[in-house]
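Structure first, then comments.
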Amino acid sequence: MFQVYTCLTRAHDFRLVVLAALVCLLTASTAMGLLRRLSKVEGASRLGWLITAAAVTGEGVWATHFVAMLAFRPGLHTGYDLAETLMSLVVAIGLFGIGFQISHTRRMPARSWIGGAFVGGAVGAMHYLGMAAFRIEGELLWDPGLVALSLGLGTTFSALAFAIQQDEPRLRGRIAAILSLTLGICGLHFTGMGAVTILPDASVHLPPTVIPTDFLAVWVAGGAAALLLLSAVALSVEHQQRRGEQRRMRELADAAVEGLAICDDAIITTANASLARMIGLPATDLVGQPFASLFLDAAVSDRADLEHGHRLERHLQGAEGERVPVELIAQKMSFDGQARLGVAVRDLRDRVAAETQIRFLAHHDGLTQLPNRARFHEQLNLELQRHRRRDDGFAVLCLDLDRFKQVNDVFGHAAGDLVLSEVATRISRTLGDEDFLARLGGDEFAIIRLAPCRPADLAALCGAIIDAIAPEIALDAQTTLVGVSIGIALYPSDGDTAATLVRNADAALYRAKEDGRGVYRFFEAALGAQMRERLALEFDLRHALVRNELKVVYQPQSSLISQEVFGFEALVRWNHRTRGAVPPADFIPVAEETGLIMPIGDWVLREACAEAASWPNPLQMAVNLSAVQLRSPTLPRRVHEILLETGLAAERLELEVTETALIEDFNQALHTLRQLKALGVKIAMDDFGTGYSSLSNLRAFPFDKIKIDQSFIRHVHDNAQAATIVRAILGLGRGLNLKVLAEGVETAEELAFLRQELCGEAQGYLFGRPGDIDDFASLVGRNLAPDRHDRPFQAQGA
Ligand code: C2E
Ligand code: MG
Ligand code: MG
C-alpha cells in the first residue's frame with residue numbers, strides 16, 4: 001500500500017489526479033444513470049440504450065485512465081501505441097456491454113453482483129490493455145500482489161455499486177452506487193499504477209509512431225468529456241420528461257378513489273394518495289415496504305393468487321388503527337417500462353356496512369329492532385344443539401298481546417306501532433343477559449330462556465312481564481292499555497325439536513288466552529292433544545263442502561207487533577261423519593283463520609237465497625257474514641251474482657255483520673256495506689252489545705237493524721243490569737230509527753218484558769229452534785208437511 005501511496009504522491013501531478021477522479025465520478029454517475037434507464041426499457045430501444053451505456057461508460061473509463069496517465073510523471077518520455085490504445089477502448093466498450101447485460105438478465109441469481117463484478121473486470125482489462133499500449137524509455141516491472149489487489153478492488157466496488165443501485169432505488173442509494181463505482185475505477189487505476197516499477201533504460205527509445213501522452217490525453221479527455229456531457233444532458237432531458245410523465249401518472253393515480261400500489265417483487269414501488277389516506281401514512285413512506293406488511297391478515301399465497309387475477313378480501317390497519325376491510329384486485333402491467341404488479345385496494349367499508357345492514361334487516365324486525373322469526377328459529381336450533389350436548393334444559397315462551405287489535409283499530413296503525421315498541425322495551429327490561437327475545441310478527445313475541453328454568457323462576461319471569469306490560473302506554477294524545485298472555489314449553493320435557501317446542505308453547509298460549517288473558521300457562525300434554533284436534537278439524541273442514549257434510553238450518557224471526565214470522569235466519573251446520581254435529585262456534589273460527597269461510601260463506605248464501613226464492617211467501621232471509629268475507633272487495637259482486645243466479649229479490653235478503661268485522665278495516669267495511677246497500681240488500685248489526693257498541697259505528701254504517709245479543713235477553717225480566725242495557729239499546733234504535741230484534745228469546749217472561757219495552761222483533765227457541773226448512777213449510781207457504789211445532793205466531797200473510 002505504501003508503494004501505491006508513494007506512487008500517487010511522488011509520481012503524480014496531484015491536480016491532474018483530482019481531475020481524473022472528477023472525470024471518473026462523472027463517468028460513474030452517467031454509467032449509473034444509464035444503467036437505471038436500461039432497467040426501465042424493454043424491446044428494441046433497449047439495445048440502443050445498452051450500446052449507449054457501454055460506449056459512454058467505456059469512453060469515460062478510458063478517459064479517466066488517460067487523464068490519470070497524464071497525471072503520472074515518471075520523469076521519462078512516454079507515449080502510446082495508437083492501435084493498442086484503440087484496442088483497449090474497443091475491448092472496454094465490449095466488456096462493459098456484456099457486464100451491463102448480465103446485470104439485467106432476469107431470473108439470474110445475484111445478477112447485479114455478477115454484472116457489477118464483470119464490469120469491474122472490464123475496467124481492469126481496459127487498464128492493463130491501456131498499460132500495454134504505454135511506451136516509456138525504460139522497462140516496466142509489475143508487482144503481481146498489487147496487480148491482484150487492484151483487480152480485487154475494481155471488481156468488488158463495482159459489484160457493490162451495481163448491487164446498491166439495484167436494491168436501493170432512492171437518492172442515497174444512487175449516490176452510494178456512484179461513489180462505490182468511482183472508488184472501484186480509481187482504486188483499480190491507482191493501485192495498478194502503484195504496482196508498476198519503471199526501470200529507466202537509455203537504450204530504449206520511443207518509436208516514432210507513438211503518440212505523445214500529453215497529446216493523446218488531452219484529446220481523449222476532451223472527447224470523453226464531451227461525450228459524457230452530451231449523455232448527461234440527454235439523460236437529464238430524458239429524466240425530466242419521465243418525471244413529467246410520472247407526475248401526470250401520479251396525479252392520475254392520486255385522483256383515483258381506490259388505493260393503488262405498484263409492486264415489484266411484492267415490494268411497493270409506488271402508492272397513490274388514496275392508499276396513503278386509507279393507511280394514514282405519507283405515500284412516500286409506503287415505497288419500499290413489502291406490500292403484505294400493510295395487511296393484518298395477509299397470507300403467504302396472496303401474491304400467487306393476485307397474480308392469477310383472483311380477488312382477495314383482506315383487512316388493513318386504517319389511519320385510526322381500525323380494521324379496514326379491503327378488496328385486492330391485481331393486474332400485471334408495464335410501469336415505467338418494467339413488468340410490475342399493479343394492485344387496486346378497494347375500501348369495502350361502505351359495502352360491508354351495507355351488507356351488515358341488510359343482514360341485520362333480514363334477521364331483525366324493523367319496528368322494534370328485535371330479532372325476527374327467522375333469527376328466532378336459528379337461535380332456537382342453536383340452543384337445541386348446545387343443550388343436547390350439555391344435557392340440560394331451557395324454556396321457550398310464546399307471548400301474545402291482549403287487546404292489541406283493538407288499539408290498532410281504534411287508534412290507528414301508528415299508535416299500534418308505538419305500543420309494540422313500548423312493549424318490546426318493557427319486556428326487554430325484565431329479561432336477563434342470556435334471555436333471547438324476538439318478535440315473531442304482529443303482536444307475537446317469543447323468548448328463549450336459558451336459566452334459571454325451574455317452574456318457580458319461569459312463573460316469576462312471566463309475572464314480571466305481565467306486570468311490566470300492564471301500566472298504561474302513552475300515545476300521542478291519549479293512553480291505552482294492553483295485556484299479554486304467555487305460553488311456556490320446556491326443553492326437553494315438552495319437546496325436543498324447535499317445531500314441537502314452539503307448537504307446544506303456542507298451545508299453552510292458546511290456553512292462557514282462553515283462560516281469560518293476562519295470564520301465563522305451562523304446556524300440558526292435554527293441550528297438545530287439543531292443538532292436534534284443532535289441526536284435524538281444520539283438515540276435515542277442507543273436505544266438508546265436497547263431502548256434502550254442510551247444511552243450512554233456518555230459525556224463524558218474528559214481529560212482536562204483527563205477531564207474525566216475517567223471516568228466517570240461515571245458520572250453517574256441519575254434520576261430520578264421525579264427530580257428528582259440530583257447532584258453528586267451533587268451526588267458523590277455524591274456517592275464518594284458514595280462509596275456508598269464503599267458499600263456505602258463498603255456499604250458505606247461495607243455499608239460503610235459493611231456498612227463500614223458492615217460497616210462495618216472500619219472507620225475509622237473514623244470512624251471517626264473517627269479518628273475513630266483509631274484508632273481501634269482491635263480496636258485493638258475488639252477492640249480486642248469487643241474487644241474479646237464484647232470482648231472490650235483493651230487498652228480501654238481510655246480511656248480518658258483527659261490530660268486530662267493522663272495526664278490522666273501517667273504511668273497507670264501510671265501502672263494502674255501502675255497495676251492498678246499493679244492491680238493495682238490508683244490513684243488520686248482529687250480537688249488538690258484545691263488541692264495542694259504539695254509537696259512531698251505528699251512525700257511520702247504513703244499518704237497517706240492530707240485533708241485541710242473546711246474553712242480554714237471558715233473564716232480562718229479573719236481571720236489572722241486563723234490563724237497563726236492553727232498554728238503552730231499544731232507545732238507541734228508536735233514536736236512530738233502526739229496527740231492533742231481540743235474539744235468544746227462550747221464555748214467556750223474557751217475551752213479556754220485550755213487549756212491555758216495545759221491542760219490535762224477536763228470535764229464539766220460544767219461536768222456533770233452527771231446523772230444516774221442511775219443519776217450517778207452512779210458514780213459507782209450501783204446505784209440504786204439517787208444522788210440527790207449537791208456535792206462538794203464524795207466518796206473515798199466511
Ligand atoms: P248468531 O248469528 O248470533 O246466531 C244466533 C245463534 O243463536 C245461533 O247459534 C242460534 O242457534 C242460537 N239461538 C237462537 N235462538 C236461541 C235461543 O233461544 N237460545 C239459545 N241459547 N241460542 C239460540 P248457532 O247456529 O250455533 O250459531 C252461532 C253463531 O255462528 C252465529 O251467531 C253466527 O255468528 C255464526 N254462524 C252460524 N252460521 C253461520 C254462517 O252461515 N256464516 C257465518 N259467517 N256465521 C255463522
Ligand atoms: Mg246472526
Ligand atoms: Mg247473534
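Starting from 1, each residue takes its place in the sequence as its number. Note that ligands are numbered from 1 as they come in the structure, with each ligand's atoms numbered from 1 the same way.
D709 has its side chain within reach of E743: a pair of non-hydrogen atoms, C-beta onward, lies under 4.5 Å apart. Side-chain contact between R521 and I486: absent, with no pair of heavy atoms (C-beta onward) separated by less than 4.5 Å.
If you check the side chains of Q557 and E761, you find no donor sitting under 3.5 Å from an acceptor. In summary, the side chains of T672 and Q668 do present a donor paired with an acceptor at a separation below 3.5 Å, with no hydrogens or angles considered.
Listed by chain and number, E569 OE2, N624 OD1, E656 OE1, D686 OD2 are the protein N/O/S atoms closer than 2.8 Å to the Mg ion (ligand 2), with waters left out.
Both tests pass for R769 against the ring of Y765: distance under 6.0 Å to the centre and angle within 45° of the axis.
Note on ring orientation: taking the six-membered ring where Trp is involved, the planes of W574 and F587 are perpendicular (angle over 60°, cut-offs 30° and 60°). The aromatic rings of F701 and F703 sit tilted, their planes meeting at an angle between 30° and 60°. Classification of the H717-H715 ring pair by plane angle, with boundaries at 30° and 60°, yields tilted.
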Please tabulate, one line per pair, the protein nitrogen or oxygen atoms found under 3.5 angstrom from a nitrogen or oxygen of ligand 1, with distances to 0.1 Å, or say none if there are no such pairs.
{"from": "ligand 1", "atom 1": "2 (O)", "to": "E569", "atom 2": "OE2", "distance (Å)": "2.9"}
{"from": "ligand 1", "atom 1": "2 (O)", "to": "N624", "atom 2": "OD1", "distance (Å)": "2.8"}
{"from": "ligand 1", "atom 1": "2 (O)", "to": "D686", "atom 2": "OD2", "distance (Å)": "2.8"}
{"from": "ligand 1", "atom 1": "3 (O)", "to": "D687", "atom 2": "OD1", "distance (Å)": "3.0"}
{"from": "ligand 1", "atom 1": "3 (O)", "to": "E743", "atom 2": "OE2", "distance (Å)": "3.0"}
{"from": "ligand 1", "atom 1": "7 (O)", "to": "Q710", "atom 2": "NE2", "distance (Å)": "2.9"}
{"from": "ligand 1", "atom 1": "15 (N)", "to": "Q555", "atom 2": "NE2", "distance (Å)": "2.8"}
{"from": "ligand 1", "atom 1": "18 (O)", "to": "Y765", "atom 2": "N", "distance (Å)": "2.7"}
{"from": "ligand 1", "atom 1": "19 (N)", "to": "E746", "atom 2": "OE2", "distance (Å)": "2.5"}
{"from": "ligand 1", "atom 1": "21 (N)", "to": "Q710", "atom 2": "OE1", "distance (Å)": "3.3"}
{"from": "ligand 1", "atom 1": "21 (N)", "to": "E746", "atom 2": "OE2", "distance (Å)": "3.1"}
{"from": "ligand 1", "atom 1": "22 (N)", "to": "Q710", "atom 2": "OE1", "distance (Å)": "3.3"}
{"from": "ligand 1", "atom 1": "22 (N)", "to": "Y765", "atom 2": "OH", "distance (Å)": "3.4"}
{"from": "ligand 1", "atom 1": "25 (O)", "to": "R573", "atom 2": "NH1", "distance (Å)": "3.0"}
{"from": "ligand 1", "atom 1": "25 (O)", "to": "R573", "atom 2": "NH2", "distance (Å)": "2.9"}
{"from": "ligand 1", "atom 1": "38 (N)", "to": "V572", "atom 2": "N", "distance (Å)": "3.1"}

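For an aromatic pair to be called close, the ring centres must be under 6.0 Å apart, and F568 with W615 satisfies this.
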